[in-house]
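Keep in mind it's a predicted model, so treat the numbers as computed, not measured.
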Amino acid sequence: MAAAAYDVAALALKGREAVLNFPESVGSYPLPVSSSAAHIRMAAATAAATVGAEAAAAAANAAVKEGEKEVEEVAEVVGSSAMEFVDEEELLNMHGLLEEMAKGMMVAPPWMGSPPSDDSPENSQEESLWSY
């Protein structure tokens, strides 16, 4: 849509010397009534709306066709095999898994203490960093 609006404005301002995004669509673009900025903006907005409407219609048609294919595929799967419910929580012995996970997140993490290193204050033998 922005590219179509640019093309209309470029044609209005630069004429035939304009470098266009869609040179094959020049005949379908609306022409501004005059060279005023307001008229160029209106023509550019009209071109953008037209291109947007065409793109939306094409996308809708593609979505409808794709949706029809998906419905046919689902119908084939449902018709070809017997669908039965499998309780995965029972099968995998996961009763209350989400509640247990929530409780686990409220517990403080374990303290990971490390043994004192050779540079720790306990091993400094009364030497201070500030004594030098």
**Student:** For Ala5, give me all partners under side chain to side chain contact (heavy atoms under 4.5 Å, CB included), at least two apart in sequence or on another chain.
**Tutor:**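 Ala5 satisfies side chain to side chain contact (heavy atoms under 4.5 Å, CB included) with Ala44, Ala48 once adjacent residues are dropped.
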**Student:** Residues sharing Tyr29's hydrophobic cluster, by side-chain heavy-atom contacts under 4.5 Å among ILVMFWY, directly or via others?
**Tutor:**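 So far as hydrophobic clustering goes, Tyr29 is joined with Val8, Leu11, Leu20, Phe22, Val26.
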**Student:** May I ask you to check whether over 12 heavy atoms, not counting those of Glu24, lie within 6.0 Å of atom CD?
**Tutor:**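 Above 12, so yes.
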**Student:** What residues, two or more places apart in sequence or in another chain, satisfy side chain to side chain contact (heavy atoms under 4.5 Å, CB included) together with Ile40?
**Tutor:**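 Here the qualifying residues are Ala9, Ala12, Leu13, Pro32.
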**Student:** Applying side chain to side chain contact (heavy atoms under 4.5 Å, CB included), name anything that partners Tyr6, two or more places apart in sequence or on another chain.
**Tutor:**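 Per chain and number, Tyr6 pairs via side chain to side chain contact (heavy atoms under 4.5 Å, CB included) with Ala10, Asn21.
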**Student:** With sequence neighbours left out, write down each residue that passes side chain to side chain contact (heavy atoms under 4.5 Å, CB included) with Val33, or none if nothing qualifies.
**Tutor:**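 For Val33 the side chain to side chain contact (heavy atoms under 4.5 Å, CB included) partners, ignoring immediate neighbours, are His39.
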**Student:** Rest of the hydrophobic cluster containing Val19 (Ile/Leu/Val/Met/Phe/Trp/Tyr, side-chain heavy atoms under 4.5 Å)?
**Tutor:**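 Cluster partners of Val19: none, it stands alone.
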**Student:** Quick one: pull up OG in Ser28 and CD in Glu54 and give me the separation to the nearest 0.5 Å.
**Tutor:**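 Here the rounded value is 7.0 Å.
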**Student:** CE of Met42 to OG of Ser36: how many Å apart, nearest 0.5 Å?
**Tutor:**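 Answer for the CE-OG pair, Met42 versus Ser36, is 7.5 Å.
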